[in-house]
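Each residue takes its place number in the sequence, starting with 1. Order of listing sets the numbers, starting from 1, for every ligand and every atom in it. Both backbone and side-chain heavy atoms feed into the values below; hydrogens, waters and symmetry mates do not.
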Amino acid sequence: MTLIRLTGVTKTFPPSGKGGSPVVAVDDVSLDIAAGEVCGIIGYSGAGKSTVLRLVNALETPTSGTVEIDGRDVTNLRERELRELRGDIGMIFQQFNLFDSRTVAGNVAYPLEVARRPRAEIASRVDELLRFVGLSDKARNYPEQLSGGQKQRVGIARALATSPRILLADEATSALDPDTTQEVLGLLKRINDELGVTILVITHEMDVIRTLADRVIVMEHGRVIESGDVFDVLSAPQHAATRRFVASIIEDVPVGEQLRTLHDRHPGRIVTFTIREGDVTQADVFAALSSHGVRFELVHGGINDIGGRVFGHLTLALTGEADAVEQAIRAASTFAPLIEEDVRG
Ligand SMILES: Nc1ncnc2c1ncn2[C@@H]1O[C@H](COP(=O)(O)OP(=O)(O)O)[C@@H](O)[C@H]1O
Ligand SMILES: [Mg+2]
């Protein structure tokens, strides 16, 4: 069942100064997100990701196209309907956006106060939420007394206060260290698994997509350029911009200075092969090189596990007779896609 549907959505912002041109933040985007799904949106800064989230919770109105939540068009809602919609969509942010002057409990209570729930109900709901995020003992503390991870857990409890069916996360773990990120990702996973909440996450972090998302949408210049199963998109990106972006978050392919250093340290040719479960293994690559009498040394690489399926990159220094090396590279690259050695720049 589709819970979130954008159809031909464009969002144009007026020019910021005199003589400037309008900014097309989102350009003819259509997407469907099923109930219960965790969907990641990735792409470079300025791609239009945050604007898509703001269109979903009706903080922005599309210039054209429609945004539907559970089959209902959310543009032109009346005040009361808009309040209902907001209660059905929680949001968390990179900088947490907590109220500094309210206690932890006060922050979590806030959306319930806005919704004018009875006091006793608010108190028991806040208790329940703080227990869920593991912060019962911090109820009377203020945000400034908390660590980043604890602050985000408060943000999550607050976002869940009105029992929304949808949770939007805009770079929610980008300000956290790796351990804390794992802890918050674990919590988001429970929210999806145990509460059945549909989650839309914007991120530039590999870990977030890998551990959380079922599906990923790639945006560039306001458009969706690619989308699909996480393993497929990350291990075999179709679009050049996706390849660049994925390489930048995976960080297992040496580029620039790192590649120059490898060339300085190792004799011979330096090449990177892509390996991908179901298509090509490390053993296949090694066998092809050996059969051409080429010696190789692994100088860089990384293996990524996505839901138990692996893909990655092997950067090898190859030595031997020049013709043999050339032939070996050609043979291996027929099944293990080759990333060209490039030391320019
Ligand atoms: N309120 C706004 N007014 C004018 N321009 C905006 C506004 N919000 C976003 N933009 C512009 O729209 C484009 C997409 O922004 P955004 O959705 O924040 O991208 P992302 O989240 O992918 O970095 C950017 O060029 C940004 O400057
Ligand atoms: Mg953004």
Asks: For atom 6 (C) of ligand 1, what is the closest protein heavy atom, and at what distance to 0.1 Å?
Replies: Phe13 CD1, 3.3 Å
Asks: Report the nearest protein non-hydrogen atom to atom 15 (O) of ligand 1: residue, atom name, distance rounded to 0.1 Å.
Replies: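 Among all protein heavy atoms, the one nearest atom 15 (O) of ligand 1 is Thr51 OG1, 3.9 Å.
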Asks: Using a distance-only test with no angle check, is there a side-chain donor-acceptor pair under 3.5 angstrom linking Ser50 and Asp170?
Replies: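 The criterion, which ignores hydrogens and geometry beyond distance, is satisfied for Asp170 and Ser50.
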Asks: Which residue holds the protein heavy atom closest to atom 18 (O) of ligand 1, what is that atom called, and what is the gap in Å?
Replies: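 Its nearest protein heavy-atom neighbour is Ser50 CB, 3.7 Å.
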Asks: Would you say the side chains of Asp207 and Gln182 form a donor-acceptor pair under 3.5 Å?
Replies: yes
Asks: Judged by modelled atom types alone, do Glu205 and Thr181 share a side-chain donor-acceptor pair under 3.5 Å?
Replies: no
Asks: Flag Glu60 as yes when one of its N or O atoms lies below 3.5 Å from any N or O atom of ligand 1, and as no otherwise.
Replies: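 Not met; the criterion fails.
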Asks: Side chains of Asp177 and Thr180: any donor to acceptor distance under 3.5 Å?
Replies: yes
Asks: Do Arg158 and Phe99 form a cation-pi contact, if we require the NZ or CZ to be under 6.0 Å from the six-membered ring centre and within 45 degrees of the ring's axis?
Replies: yes
Asks: Scan the protein's non-hydrogen atoms and note whether one is under 4.0 Å from atom 26 (C) of ligand 1.
Replies: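 Flag for atom 26 (C) of ligand 1 set to false, no protein heavy atom closer than 4.0 Å.
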Asks: Would you check if the Mg ion (ligand 2) lies under 2.8 Å from any N, O or S atom of Ser45?
Replies: no
Asks: Please state which protein non-hydrogen atom is closest to atom 22 (O) of ligand 1 and give its distance, to 0.1 Å?
Replies: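 Answer, as residue, atom name and distance: Lys49 NZ, 2.8 Å.
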Asks: Which residue supplies the protein heavy atom nearest to atom 11 (C) of ligand 1, what is that atom called, and how far is it?
Replies: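 So the nearest neighbour among protein heavy atoms is Val23 CG1, 3.8 Å.
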Asks: Answer yes or no: does an N/O atom from Pro14 fall short of 3.5 Å to an N/O atom of ligand 1?
Replies: no
Asks: Heavy-atom contact under 4.0 Å between Gly46 and ligand 1?
Replies: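 Yes, Gly46 has a heavy atom closer than 4.0 Å to ligand 1.
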Asks: Angle between ring planes, Phe245 versus Tyr44, binned at 30° and 60°: parallel, tilted or perpendicular?
Replies: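 Phe245 and Tyr44: perpendicular rings.
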Asks: Classify the side-chain pair Thr242/Glu226 by whether it contains a donor and acceptor separated by less than 3.5 Å.
Replies: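 The criterion, which ignores hydrogens and geometry beyond distance, is satisfied for Glu226 and Thr242.
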Asks: Is any side-chain heavy atom of Val104 less than 4.5 Å from a side-chain heavy atom of Leu130?
Replies: yes
Asks: Out of Gly222, Ala25, Pro22, Gly48, indicate the one that has the non-hydrogen atom closest to atom 19 (O) of ligand 1.
Replies: Gly48
Asks: Taking 4.0 angstrom as the limit and counting only heavy atoms of Ala47, give me the atoms of ligand 1 inside it, by number and element.
Replies: 19 (O), 20 (P), 22 (O)
